[in-house]
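Below is one structure, written out as C-alpha cells; comments come after it.
Convention: sequence-line order gives letters A, B, ...; per-chain numbering from 1. We use all heavy atoms of the structure for the numbers below, so side chains are in, but hydrogens, waters and symmetry mates are not. Computed from a predicted structure; not experimentally measured.
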Amino acid sequence: MGEGFGKGCHLHLIDGSAFIFRAYHALPPLTRKSDGMPVGAVSGFCNMLQRYVDGNNGPDAPTHVAVIFDKGSHTFRNVLYDQYKANREEMPEDLRPQIPLTREATRAFNIACEEIEGFEADDIIATLAVQARDRGGRVTIISSDKDLMQLVGDGVEMLDAMKNRRIDREGVIEKFGVPPEKVVDVQALAGDSVDNIPGAPGIGIKTAALLINEFGSLEELLDRAEEIKQPKRRQTLIDKREQIEMSRSLVELDADTPLDFTLEDLEVRDPDPEKLLEFLAQMEFRTLTKRISEKLGVEAPVVPEPKPEAANPGEVAVEEPPIDPDRYEWVRDRTALDAWIEKIIAVGRVAVDTETNSLNEMRAELAGICLSVEPGEACYIPVGHKTGASGDLFGSDELAEGQLPLDEVLDALRPVLADDAVLKIFQNAKYDCKVLARYGVEVAPIDDTMLLSYALHAGEHGHGMDTLSERYLRHTPIPIKTLLGSGKSAITFDRVPIDEAVKYAAEDADITLRLWLRFRPMLHQRKVTAVYETLERPLVPVLAAMERAGVKVDRETLSRMSHAFAQKMAGLEAEIHELAGRSFNVGSPKQLGEILFDEMSLEGGKRGKTGAYATGADVLEDLAAVGHDLPARVLDWRQVSKLKSTYTDALQDHINPETGRVHTSYVQAGANTGRLASTDPNLQNIPVRSEEGRRIREAFVADEGKVLLSLDYSQIELRILAHIAGIDTLKAAFRDGQDIHAMTASEVFGVPMDAMTPEIRRQAKAINFGVIYGISGFGLARNLRIPRGEAQDFINRYFERFPGIRAYMDDTKAFAKEHGHVVTLFGRKIHTPEINARGPRASFAYRAAINAPIQGTAADIIRRAMIRMPEAIAGLPATMLLQVHDELIFEVAQDKVDETINAARAVMEGAAEPLVKLDVPIVVDAGQGANWAEAH
DNA sequence: AAATTCACG
DNA sequence: GACGTACGTGAATTTC
C-alpha cells in the first residue's frame with residue numbers, strides 16, 4: 001500500500017453504468033462464437049477501458065481510480081417516490097447477462113470496482129468525491145451524466161470521455177445557467193423525464209435557472225412564490241410545492257453512503273498481464289487480445305478460431321471444381337460450337353450470358369455469348385469483337401479474328417434456346433432476352449438466378465451477380481472495370497481482346513450455373529416456390545414486352561415546356577437575387593442556407609449532421625408562411641428547376657431515335673416489398689400532384705388512331721389493410737362504397753358524416769396513410785404540422801376505435817422478431833434482419849415490417865394482373881405499356897377502347913383470385929385520352 | 001462518392 | 001443515456 005490519500009493525489013471516478021450503456025449501443029450485437037453468449041457490450045466496455053488506460057500518462061495522470069456501478073434496483077429514492085425511474089424500459093435481454101462480465105473486466109484491468117447494494121453509483125461517486133476533496137485531492141468524474149454536475153467545483157471536475165471535454169464550474173453554468181451548488185435547485189424545478197422526476201409542470205431548465213438566479217435559492221423562491229408575476233407559473237409553484245421539494249430530495253446526491261472501502265484502496269495499480277489476457281481470451285476478443293499483448297510485450301494466448309461457416313446454413317456443400325478462368329474455352333469454329341450444343345441438349349439445361357457493347361438493351365449489339373453446362377466448364381462464343389482495341393484512338397469496325405459469323409451462331413443456337421426441353425438459366429434474364437429478341441431469337445423456358453435470390457432473400461441483401469457470388473460461392477468475380485477501364489477512357493466490350501473476354505464472360509456463365517444449383521433446391525425448403533413460379537418467372541417476358549413497346553413521347557411538347565421553364569427560372573432567379581441583396585447559386589442548398597440564416601438571420605435555422613443548414617421544402621414553407629418572400633420564390637424556382645432538368649430536358653434524351661418512343665427499364669428485383677422500380681428513365685414518378693407538373697403528362701401520347709388508357713386500383717393498400725387486420729367497420733365501408741377517409745374521421749373524431757369538413761377529413765386521411773407506414777406520433781405530427789401530443793391523441797383514439805389495427809401491428813412485429821421476415825398474402829417473404837437490432841435502426845425495421853405485407857400484397861396483386869394481361873387482351877389491338885405501382889397504362893385502337901377496359905378491368909379486379917379471396921371489393925377506375933394527362 | 005432535394009405510389 | 005422517426009423508390013445537382 002502507498003501513502004494515504006491527500007494533497008497532490010488525483011482521483012478518477014468512472015461511471016461504470018454509463019460506460020456499459022454507451023458500449024452496448026455503440027456496437028452491433030456480437031456473440032461469443034463458441035457458445036453464442038452476447039458479449040458486444042463487454043467488448044465495447046473493454047475497449048473503452050483500454051483507451052482510458054492508454055490516455056492516462058503525463059502529469060495529469062490519476063493516482064487513484066475506481067469504476068463505480070449501480071447495484072440493486074431499489075434505493076432510498078424509491079421510498080421517497082414510488083414512480084422514481086418508473087418509466088425506464090426493461091434492460092434488454094442480451095445486456096443482462098453481460099453485466100457481471102463488465103465487473104470481471106474491470107477487475108481484470110486491475111482497476112478497483114466498487115458497488116454497494118441499494119445505492120446508486122451517483123451517490124457513491126458523490127461520497128468519494130467529497131471525501132477526496134475534503135482531504136485536499138483533485139477529482140475527475142468520468143461521465144457526462146448531468147445529475148453529477150452538482151458535484152463540480154473545488155477541485156472536482158467532470159470529463160466527457162466521448163467528446164473528450166472537461167466540464168468545470170464554467171461548463172456547468174453553461175449547461176444549467178447556474179453554478180454547481182444551485183444545480184439541484186434547478187433540477188428540482190425542471191424535473192427529468194429520463195428519471196421520471198416530476199419537478200414543476202411547465203418549467204424547464206431555462207425558466208428554472210431564471211427563477212433561481214432571481215431569488216437566490218429554491219427555498220427562497222418557494223417562500224416568496226406570491227411575488228411572481230406570471231399567474232400560471234405562480235400558481236404552479238404554490239400548488240406543487242410539495243412535489244418540487246420531493247423532486248429536490250430525489251436529485252440531490254447522498255454524500256454519506258456507507259463505504260466498505262477507503263480511498264487508499266483505490267490506488268492505481270498496473271494490470272497483471274496474465275490475468276487480463278486470460279480474461280480477454282476467454283471472451284474471445286481476438287483483436288483486443290492481440291493489441292494488448294503487443295502493448296504489454298507478452299505473448300498472446302491462443303484464441304480458438306471459429307469454424308468457417310458453410311456458405312448456406314443447412315445446405316449440403318456441393319462438390320465442385322474451383323472457379324478457374326484459364327479453363328474456359330474460346331469457341332472459334334463450327335465443330336466446337338456443335339459440340340457445345342450437343343452437350344446442352346444432353347444435359348437439358350444451360351447457363352447463358354450475353355456480352356454487348358451497351359447497357360441499354362434497346363441499342364445494345366451482341367459482342368458474344370457464353371454458355372456453361374457444368375460447374376467449371378464454360379465457353380465464350382465471340383461474334384462481334386472489333387480489332388484495334390487499344391492504341392488506336394478510333395478503333396476500327398473490322399471484325400477480329402477467331403469469330404464465327406453472327407448469323408451462323410444465332411441460327412445454330414436458335415433451336416436450343418427455344419427448346420422446351422432445355423432450361424436456359426440467366427442472371428437477369430430480361431436483359432439477355434431483350435437483346436436476343438432484337439436479333440429475332442426467342443428464349444424459353446428460362447430461369448433467373450437474380451429472381452431466385454429475390455424470392456429467397458428479399459431484404460437480406462442485393463441480388464446482383466457480384467453480391468451473390470461473394471456470398472454464396474465465396475468468390476469475387478473479375479471486375480468488369482479491369483477490362484473496360486473507367487471514366488472517359490472506358491471502352492466497350494466489343495473492343496476487349498477476345499482472350500481476355502473469354503475469361504470474364506465465361507466466368508459469369510459458370511457463376512450463374514453454380515448459383516442456380518444452390519438456389520433451385522432452396523425454393524422448396526424456404527417455401528417460396530409459388531412466389532418464384534407465379535410472381536417472378538412469368539413476369540419476365542411481360543416486362544420485356546412492355547419495355548420493348550415503349551411509350552410515345554412528343555419531343556416538341558417537351559421542348560416548348562423546357563423553354564418556358566427556362567424563362568420562368570431566369571425571372572425567379574433575378575427576383576431571388578434582388579431579395580437576397582446579392583447574387584448566388586439558387587441551386588445550392590449550402591449557399592441558400594447561409595443567405596437565409598446567416599445573412600438575413602431568419603428564425604428556424606437548423607443544421608444537419610454535416611453542419612449545413614436544412615433548406616428542404618418543409619423549412620422553406622414554414623418561412624414563407626410567416627411572410628418571407630425569398631423562400632417562397634425559391635420554392636417556385638425549385639419546382640420549375642426540377643420539372644425542367646428531370647423531366648422536360650432529361651426525357652428528351654431518352655427518346656429512342658429508331659422508335660421515337662421512350663423505353664424504360666423495370667427493375668424486378670429492386671424493391672424489397674415486391675414492387676417494381678423503373679429506371680433510365682424512371683417513368684413511375686412523372687409529375688401529377690401539381691398543376692404545372694401534370695402538364696408534362698401531355699407529352700406522353702398515343703400513336704395516331706389510338707388512345708392511352710389508364711386503369712388504377714382504388715385505395716388498394718387501405719383495402720388490404722382492412723382485410724389483413726380484419727377491421728369490420730372499414731370492410732363494410734368499402735363494401736358500401738363509402739368515402740373511407742370521411743368514414744375514418746367520423747369514427748375517430750366523432751363527427752357525423754353530414755357534418756364532415758375537408759379539414760377533418762384531411763387529418764383522418766393522414767392517419768390512414770400513417771397506419772400503413774407504421775405510424776408514430778412524431779411522424780404524424782410532422783405531416784399534419786400539429787403538436788406531437790395532439791398527434792399522439794389522434795393515434796390513441798384511432799387505436800381505441802380500431803383495436804384490430806394495433807393487434808395487426810403487434811402481431812406483425814412479433815412475427816418478424818421470431819422469424820426474421822414478414823410475409824404477404826401470396827407468400828412473398830420480406831426479410832427484416834434489423835428487427836432485433838437496437839436504437840433507431842430497430843425503429844426503422846419495425847415500421848418497414850408493418851408496411852411490407854401491405855405494400856407487398858398490393859404489389860403481388862398487380863403482378864398477377866400483369867402476368868395474366870397478355871392473354872386477356874390477346875385478340876385486341878391493345879398494348880400494355882407502363883406500370884406505376886397501382887396503375888397500368890395501355891395504348892389501344894380508338895374503336896376498341898371499351899372492350900379493352902372491360903377485359904383489363906376484369907383481370908385487375910380478379911387478380912387476387914383464386915389464391916386469395918379478399919373480404920373487401922377490389923375496385924379499378926379507368927380513364928382515357930389522347931395523352932397521359934387526359935387518361936389519368 | 002456522399003449529401004441534399006424532390007418527383008411518384 | 002441519448003437519439004432519431006412516417007413506407008417504398010430513382011434522378012439531378014452540389015459539394016467534398
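- In this structure, A:Arg806 fails the cation-pi test against A:Tyr808, since its NZ or CZ atom is not both closer than 6.0 Å to the six-membered ring centre and inside 45 degrees of the ring normal.
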I need a per-nucleotide contact map over nucleotides 4-9 of chain B, read 5' to 3'. Cutoff is protein heavy atoms under 4.0 Å; write B for the base, S for backbone only, - otherwise. SSBBBB

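- Taking side-chain N and O atoms only, A:Arg847 has a distance below 4.0 Å to OP1 or OP2 of C:dC7.
- Per the geometry, CZ belonging to A:Phe19 stands 14 Å off C1' belonging to C:dG1, to the nearest Å.
- If you measure from atom CG of A:Asp680 to atom C1' of C:dG10, you get 9 Å, rounded to the nearest angstrom.
- Rounded to an integer number of Å, the gap from A:Lys644 NZ to C:dA11 P is 19 Å.
- In this model, a donor atom of one side chain and an acceptor atom of the other lie less than 3.5 Å apart for A:Tyr24 and A:Asp94.
- Mapped onto DNA chain C by nearest heavy atom, A:Arg788 and A:Lys146 fall at different nucleotides, with A:Lys146 at the one closer to the 5' end.
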Report all side-chain donor-acceptor pairs from residues 767-783 of chain A shorter than 3.5 Å, counting only partners two or more places apart or in another chain.
| unit_1 | atom_1 | unit_2 | atom_2 | d |
| --- | --- | --- | --- | --- |
| A:Asn768 | OD1 | A:Tyr798 | OH | 3.2 |
| A:Asn768 | ND2 | A:His741 | ND1 | 3.0 |
| A:Asn768 | ND2 | A:Thr744 | OG1 | 3.0 |
| A:Ser776 | OG | A:Gly779 | N | 3.0 |

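- Per the geometry, CE belonging to A:Met809 stands 11 Å off C1' belonging to C:dC7, to the nearest Å.
- Residue A:Lys590 contributes atom NZ, which lies 10 Å from atom C1' of C:dT14 at whole-angstrom precision.
- When the nearest nucleotides of DNA chain C are assigned to A:Asn672 and A:Ile775 by heavy-atom distance, the more 5′-ward of the two goes with A:Ile775.
- Both the sub-6.0 Å distance and the 45° axial angle are not jointly satisfied by A:Lys644 relative to the ring of A:Phe565.
- For CZ of A:Arg695, the number of neighbouring non-hydrogen atoms (other residues, nucleotides, ligands) closer than 6.0 Å is 12 at most.
- The two residues A:Leu151 and A:Ile141 come nearest to each other via the heavy atoms CD1-CD1, 3.8 Å.
- For the P atom pair drawn from B:dA3 and C:dT5, the interatomic distance equals 13 Å after rounding to whole Å.
- Spacing of C1' atoms, C:dC3 relative to B:dT5, comes out at 24 Å, to the nearest Å.
- Within a 6.0 Å radius of NZ in A:Lys175, no more than 12 heavy atoms belonging to other residues, nucleotides or ligands are found.
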Reading DNA chain C 5' to 3', how would its secondary structure be written in dot-bracket notation, given Watson-Crick and G-U pairs with both distances under 3.5 Å, brackets [ ] for crossing pairs and | for partners on other strands? ......|||||||||.

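- The line from CD of A:Gln150 to CG of A:Asp122 is 8.5 Å long, rounded to the nearest 0.5 Å.
- Note: OH (A:Tyr666) to P (C:dG10) measures 13 Å, nearest angstrom.
- The gap from the C1' atom of C:dA2 to that of B:dC6 amounts to 31 Å, rounded to the nearest Å.
- Put simply, A:Ser588 has a side-chain N or O that comes within less than 4.0 Å of OP1 or OP2 on C:dT15.
- The distance from atom OG1 of A:Thr557 to atom CE of A:Met561, rounded to the nearest 0.5 Å, is 6.5 Å.
- For the atom pair CE of A:Met908 and CZ of A:Arg864, the computed distance is 14.0 Å after rounding to the nearest 0.5 Å.
- The distance between atom NZ of A:Lys481 and atom C1' of B:dA1, rounded to the nearest whole Å, is 11 Å.
- In this structure, A:Ser17 reaches neither bases nor backbone, as no heavy-atom distance under 4.0 Å exists between it and the strands shown.
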